[in-house]
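Side chains are part of it too, since the values below use all heavy atoms of this structure and drop only hydrogens, waters and symmetry mates. The sequence lines fix the lettering, A, B, ..., with proteins before strands; numbering per chain opens at 1.
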Amino acid sequence: MEAYLEEHLRAVLADMGGAPDDFAIAFEKPNNPEHGDLATNVALKLARHFRRAPRQIAEEIAARLTARVDPARVAAVEVAGPGFLNFRFAEAYLTDRLADLLAAGEDYGKIDEGRGRRALVEFVSANPTGPLTVGHGRNAVLGDTVANLLEWTGWAVTREYYFNDAGRQMRVLGESVRARYRALVDPDLPVKRIKRGEDDFVEVPESFPDDGYLGDYIIAIAEALYAEHGASLGEEDVEPFKKAAEEVIFADIAATLRRLGIEMDTFFNEHTLYENGKVWEVVEALREKGYVYEKDGAVWFKTTELGKDQDTVLIKSSGEPTYRLPDIAYHVDKFERGFDRMIDVFGADHIATYPDVLAAVRLLGYDADRVEVILYQFVTLVRGGAPVKMSTRKATYVTLDELMDEVGEDVTRFFFLMRSPHTHLEFDLDLAKEASEKNPVFYLQYAHARICSILRKAEEVGFTFGETPDLTLLTHEAETGLMKTLFELPEVLRRAAAAKEPHRVANYLREVAVAFTQFYGHCRIIGEERALATARMHLAQAARHVLRNGLTALGISTPERM
RNA sequence: GCGCUUGUAGCUCAGUUGGAUAGAGCGUUGGAUUCCGGUUCCAAAGGUCGGGGGUUCGAAUCCUCCCAAGCGCGCCA
């Protein structure tokens, strides 16, 4: 419709003496229904160009446009306010689109904008040092849902998890397990106390690292090792302990993700970047460009020349790279794999690192604009009205699994999605548990279940989808209102995907549910005469498709009964 | 001190490319319902869009200064 109107509008403007060459015509959906179905401000924009009052220009455009457009599509062109042009759609246009929606069914909302192009979404990317926490949850759900949205808009998407199992973190993890294991082998070994928080101490074996991981899962891993190997594990080598911990923890992470409906396509181990030499190639390439130098035995990246106030270290004087270097090499690898778009999801604490990575990638000749970052603000967990400090190492966290146990998988996903990624998310655990019955996700699922119930019942009393409906019977305000809301789905999904903001879909679905309940309140199906009932059945079915497709894109289930 | 993000109703948050009377949920108050699912609906009250200045036909939205909060600013990741 917008393309149709734009075409005629441009023709009209040409007749009136022409608009500037680069003149953009924008349409918007008015908030106020009295302002029609679509509006444009072209007359306001052109006031200066034509040197006439906007209102006067609008009148002339409206008159010329009315003579051109097909009355079966556009019922009215009106001038309002300071010079807006408001368009009112013809009923026939609505029913045609409803038929299209019903024909598309479970594919309604899919567009092929990204057809033939490949996107990589990298998310979660937590090192396997412990179970996923609430903080990871926002990352996981955002990444997966953005991937879904890209798929709905035609992209071929790869979901990737990047991790490092060779660094210091992992060594400490192995040492933590080993210390617990030793205590099992010899319960009489001396113990010490580690401070976990204010007046909160934990008793650990003496060989336990001071910055070790205190979670109970470490003890469980040690117990499993003891059960399997007895006292036979060589205690000097930390490797078997690390390996065992990594395996167990990764399996746990994968299970948590699966529970959330997330299936990764690839797991990328940072280690491969050392094995294939990519890391050193990056250093040399940057050195050739003149952006690398050595000082104090370390290798530095001249980020000051890129606008930062300090240079950054790529390789420590110990010879060990900092995380930044493999990060750069990793992104180079992504480019070499030929992705058209690369999306990184990470928390606000990583804000400082990615400009370096992008700058390096750009220096190496890649189009850094293809790398997009979803930077989400932190989740503050609130329990009993007070914020909970969370640390994986100190095991003072709430795991994602615990959260799902408490509020359910669908609520967990929806909760992380209903707000813009760049606002701080206050997660009140007590409220989340207690309010589960009035949680917005239930409202949406309930609307869907109710539609299913109505359709079941309608079929029981003899109405059927086999009959071709006469959709022109749908003229009630609640019916046309519902239709107009339903038709927004493709555009909402497109914009949500483009902006990488799933919360737009969540907000929209609420509008759909509201529009449906209004329809439900005013228009009955069972009890109406056959033709009208059949038409309304189809409208309800259309609402069901939209709710289902939208919720599916968000990764949320759509039960037929609740 | 510098950088990024945020500041909108009592609370939690939407607000698209600068548009018309700034919206929703929760909460509060009042009301509806013999009904296809009461996990429902309707209505009211509630606003200095953090503050000042600027840009223009028009600003919550863009620019600038100030205030406040979160995060970051390491040869940790």
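- Nucleic acid contact class of A:S317 (heavy atoms, under 4.0 Å, all strands): base.
- Under the 3.5 Å distance criterion, with hydrogens and angles disregarded, a donor-acceptor pair is assigned to the side chains of A:H331 and A:D344.
- Across all strands, A:F516 comes closer than 4.0 Å to no nucleic acid atom at all (heavy-atom distances).
- Of all nucleotides present, none satisfies the Watson-Crick or G-U wobble test against B:rC49 with each distance under 3.5 Å.
- Contact annotation for A:D311: no contact, since no heavy-atom pair falls under 4.0 Å across all strands.
- Taking atom C1' in both B:rA22 and B:rG15, one finds a spacing of 8 Å when rounded to whole Å.
- Inspection of the A:N164 and A:Y323 side chains reveals no N or O donor paired with an N or O acceptor under 3.5 Å.
- For the OP1/OP2 pair of B:rC2 and a distance below 4.0 Å, the side-chain nitrogens and oxygens of A:Q310 include no atom meeting the criterion.
- Checking A:D356 against A:T303 by side-chain atom types alone, no donor-acceptor pair falls below 3.5 Å.
- Rounded to whole Å, the separation between the C1' atoms of B:rG31 and B:rC36 comes to 24 Å.
- In this structure, B:rC41 and B:rG31 make a Watson-Crick or G-U wobble pair, each of the two defining distances being under 3.5 angstrom.
- Residue A:T423 places no side-chain N or O under 4.0 Å from the OP1 or OP2 atom of B:rU6.
- As judged by a 4.0 angstrom heavy-atom cut-off over every strand, A:A499 is placed among residues making no nucleic acid contact.
- Distance CZ (A:R450) to P (B:rC35): 14 Å, rounded to an integer number of Å.
- Side-chain proximity of A:F442 to the nucleotides B:rU40, B:rC75, B:rU39 is greatest for B:rU39.
- Using a 30° and 60° split on the angle between ring planes, A:F163 and A:F267 fall in the perpendicular class, above 60°.
- B:rG46 sits 11 Å from B:rU29 when the C1' atoms are compared, rounded to a whole Å.
- In this entry B:rG72 has B:rC2 as its Watson-Crick or G-U wobble partner, both defining distances falling under 3.5 Å.
- B:rG72 and B:rC13: their C1' atoms are spaced 25 Å apart (whole Å).
- Here A:M562 lies in heavy-atom contact (under 4.0 Å) with a base.
- At a threshold of 4.0 angstrom between heavy atoms, the contacts of A:A47 with the nucleic acid are absent.
- Under the stacking criterion of a centre-to-centre distance below 5.5 angstrom and an interplanar angle below 30°, A:F84 is not stacked against the six-membered ring of B:rG19.
- Contact detail for A:S420 and A:R138: the closest heavy-atom pair is O-NH2, 3.0 Å.
- Within the structure, every side-chain polar atom (N or O) of A:R168 is placed at least 4.0 Å from both OP1 and OP2 of B:rC76.
- Nucleic acid contact for A:A449: base, since at least one base atom lies under 4.0 Å from a heavy atom of the residue.
- Applying the 4.0 Å criterion to OP1 and OP2 of B:rC13, one finds that A:H424 has every side-chain N and O outside that range.
- Closest to the side chain of A:R524, out of B:rG19, B:rC35, B:rA77, is B:rC35.
- The separation of B:rG23 from B:rA60, taken at their C1' atoms, amounts to 12 Å, rounded to a whole angstrom.
- The nearest whole Å value for the distance from the OH atom in A:Y446 to the C1' atom in B:rC41 is 12 Å.
- The distance between atom CZ of A:R419 and atom P of B:rG7, rounded to the nearest whole Å, is 13 Å.
- Across B:rU5 and B:rU64, the matching P atoms stand 12 Å from one another, rounded to whole Å.
- For the OP1/OP2 pair of B:rC76 and a distance below 4.0 Å, the side-chain nitrogens and oxygens of A:K316 include at least one atom meeting the criterion.
- Using Watson-Crick or G-U wobble geometry with both donor-acceptor distances under 3.5 Å, B:rA59 finds no partner in any strand shown.
- Using a 30° and 60° split on the angle between ring planes, A:W300 and A:Y293 fall in the parallel class, below 30°.
- Comparing A:A39 and A:Y520 by the nucleotide of RNA chain B that holds the closest heavy atom to each, the one mapping nearer the 5' end is A:A39.
- Here the C1' atom of nucleotide B:rA59 and the CG atom of A:L44 are 15 Å apart, to the nearest Å.
- Nucleotides B:rA14 and B:rC26 are separated by 14 Å at their C1' atoms, to the nearest Å.
- Rounding to whole angstrom units, NE2 of residue A:H35 and P of B:rG23 are separated by 12 Å.
- The partner of B:rA24 is B:rU12, judged by Watson-Crick or G-U wobble contacts that both fall below 3.5 Å.
- A:N86 contributes a side-chain N or O that forms a donor-acceptor pair with the base of B:rA20 under 3.5 Å.
- Distance from the side chain of A:Q377 is smallest to B:rU5 among B:rU5, B:rU17, B:rG37.
- Ring planes of A:Y274 and A:H271: tilted class, angle from 30 to 60°.
- The distance from atom NZ of A:K295 to atom C1' of B:rG74 is 13 Å, rounded to the nearest whole Å.
- Judged by closest nucleotide on RNA chain B, A:R510 is the one of A:R510 and A:R324 placed further toward the 5' end.
- Set against B:rA77, B:rG19, B:rC36, the side chain of A:I454 has B:rC36 as its closest nucleotide.
- Using a 4.0 Å heavy-atom distance criterion, A:T312 is classed as making no nucleic acid contact.
- A:N41 comes within 4.0 angstrom of a nucleotide base, judged by non-hydrogen atoms across all strands.
- Nucleic acid contact for A:C452: none, since no nucleic acid atom lies under 4.0 Å from a heavy atom of the residue.
- In this structure, NE2 of A:H522 is placed 12 Å from C1' of B:rA32, rounded to the nearest angstrom.
- Under 4.0 angstrom from either OP1 or OP2 of B:rA24 there lies no side-chain N or O belonging to A:Y508.
- Using a 4.0 Å cut-off, some side-chain N or O of A:Q518 falls inside it from OP1 or OP2 of B:rC42.
- Taking the six-membered ring for Trp and the full ring otherwise, A:Y443 and A:Y446 have centroids separated by 6.0 Å or more.
- Note that NE2 of A:H545 and NE2 of A:H448 are 9.5 Å apart. Values are rounded to the nearest 0.5 Å.
- If you measure from atom CG of A:N127 to atom P of B:rA77, you get 10 Å, rounded to the nearest angstrom.
- A:H422 has no side-chain polar atom (N or O) that falls below the 4.0 Å cut-off from OP1 or OP2 of B:rU5.
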Next item on the list: For side-chain hydrogen bond (donor to acceptor under 3.5 Å, both in side chains), just list the numbers for A:T145 and A:R413, CA-CA rounded to whole Å, side-chain angles, deciding distance to a tenth of an Å, and then say yes or no.
Entry: CA-CA 9 Å; A:T145 306; A:R413 272 195 83 113; 2.9 Å; yes
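- Taking atom C1' in both B:rG37 and B:rC41, one finds a spacing of 14 Å when rounded to whole Å.
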